[in-house]
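Remarks on the structure that follows.
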Amino acid sequence: MRKLSLDTYLRKKLENRQTQNRFRYRLSSSSACDAEMVVEGRNVVNFSSNDYLGLANHSEVVQALSEGGKKLGVGSGASHLISGHHEVHKALEQQIAILTGRPRALFFANGYMANMGTLGAMLSDEDLIFSDELNHASLIDGCRLSRAKCVRFEHANYLDLQEKLSSLKFRHSVVVTDGVFSMDGDTAPLKEISEICSKSGAWLMVDDAHGFGVLGRNGGGLVEMMGLDCEQVPILVGTFGKSVGTYGAFVAGSDALIESLIQFSRTYIYTTALPPALAHATSISLKIVEAEPWRRERLADNIKYFRSGALSEGLRLPQSDTPIQPILIGNDERVADLGSLLLDRGFLVGAIRPPTVPVGSGRLRVSISAKHSYEQLDALISVLCELTLND
Ligand SMILES: *Cc1c(COP(=O)(O)O)cnc(C)c1O
């Protein structure tokens with residue numbers, strides 16, 4: 001058989017994606033991440049970022065980064081185990097451990113690597129991973145890196161999990177779930193899942209990328225809100241690129257867990273340590289997260305305001321008490337069109353299509369921030385009604 005050239009092969013794949021209406025475009029912004037931004041030269045209200053508390057462009061955080069840079073330079077120069085580990089990395093880890101109520105924490109390059117590297121370090125091909133079917137892609141890739149067999153359970157269905165755990169034999173097993181689900185905004189039934197895990201001897205890992213900073217009295221996330229300790233949720237992952245407004249991630253847990261990750265986690269060991277200045281800025285931002293609960297209150301109020309306004313105007317919103325408010329559309333072409341129509345009207349809203357979400361469940365994903373005003377929320381609701389209610 002004649003072999004296709006690389007470009008012919010790739011062009012075919014690209015055309016296929018285009019005819020499916022799943023082609024993705026990158027919009028470029030020319031301003032800092034904030035409630036109002038300039039995107040592709042247009043002024044827009046940003047309903048598409050994960051900067052839920054408005055910290056990505058906060059003056060004290062920006063100042064911490066620039067002062068950190070002046071004092072400590074930009075690059076860390078090496079991986080953590082060679083010479084890239086800095087006092088400020090260590091201080092940040094202690095701060096995370098205290099905030100999450102765990103004995104120790106480890107600062108990772110990002111959430112993707114934290115998830116991959118944690119599953120990869122703990123399990124091997126004789127083990128099982130039980131994974132919620134709507135878990136983030138990085139957890140699915142973590143299953144692949146670990147070579148453990150992955151069993152999916154129905155979304156947030158702990159009875160299905162229980163049945164699968166009791167019908168399968170395993171040596172070691174990790175049950176893994178998002179805390180707040182990234183495309184739906186609903187939360188995992190962690191109390192039930194944690195009880196099922198302790199009965200069956202499976203270890204529970206929670207990825208709370210979207211709950212950390214936003215939920216819980218001090219911003220410790222879903223586990224803080226539900227009062228789950230290190231025994232109930234032994235492996236906790238959180239990220240800093242979302243509500244904390246910086247970059248990076250952490251795993252928090254026992255001393256044995258963290259020490260094992262330092263020894264065995266490939267995505268921790270074989271990568272350059274994040275810039276110390278960034279760790280410093282993250283530390284300052286985390287202090288604001290803890291010390292200014294009014295940001296969480298303001299956000300919760302905006303979420304309530306958006307939901308009640310949208311529902312009373314006839315928009316259909318699935319249950320979600322978090323900043324992630326999806327509006328299900330279905331048809332992929334329609335989702336993409338709505339995304340650009342909204343942009344034309346001055347609103348940046350995520351148009352999410354498969355394979356990011358299951359086929360047939362394309363959606364607009366509205367992300368609410370503490371920085372949005374009631375006027376901005378009202379304006380979005382009215383445009384959403386105009387564009388979607390005649391479908
Ligand atoms: C965003 C996200 C990640 C990835 O985190 P990064 O720091 O952006 O790599 C992992 N898990 C979930 C649930 C996420 O939403």
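Sequential numbering from 1 along the given sequence is applied to the chain's residues. Counting starts at 1 for both ligands and their atoms, in listed order.
- At a 3.5 angstrom cut-off on N or O pairs, Ala209 does not count as close to ligand 1.
- In this structure, His89 and His86 have perpendicular ring planes: the angle between them is above 60°, well past the 30° mark.
- Here the heavy atom of the protein found nearest to atom 14 (C) of ligand 1 is Lys242 NZ, 2.8 Å.
- Of the polar atoms of Ser182, none of the N or O atoms is found under 3.5 Å from an N or O of ligand 1, judged by distance alone.
- Salt bridge status for Asp160 with Lys164: present, with a side-chain N to carboxylate O gap under 4.0 Å.
- Atoms of ligand 1 found under 4.0 Å from any heavy atom of Asn115, numbered from 1 in the order shown, are 10 (C), 11 (N).
- Here the heavy atom of the protein found nearest to atom 11 (N) of ligand 1 is Asp207 OD2, 2.5 Å.
- Ring pair Phe108/Phe250: centre-to-centre distance not below 6.0 Å.
- A heavy-atom separation below 4.0 Å is found between Ser138 and ligand 1.
- For atom 9 (O) of ligand 1, the closest non-hydrogen atom of the protein is Tyr112 N, 3.0 Å.
- Ion pairing of Lys149 with Asp125 is absent here, as no side-chain N (NZ or NE/NH1/NH2) approaches a carboxylate O to less than 4.0 Å.
- The aromatic ring centroids of Phe47 and His372 lie less than 6.0 Å from each other.
- Aromatic ring centres of His136 and Phe181: separated by at least 6.0 Å.
- Here the heavy atom of the protein found nearest to atom 6 (P) of ligand 1 is Gly111 N, 3.3 Å.
- Using a 4.0 Å cut-off between charged nitrogen and carboxylate oxygen, Arg345 and Glu386 count as a salt-bridge pair.
- For Asp178, no nitrogen or oxygen atom sits less than 3.5 Å from a nitrogen or oxygen atom of ligand 1, counting backbone and side chain alike.
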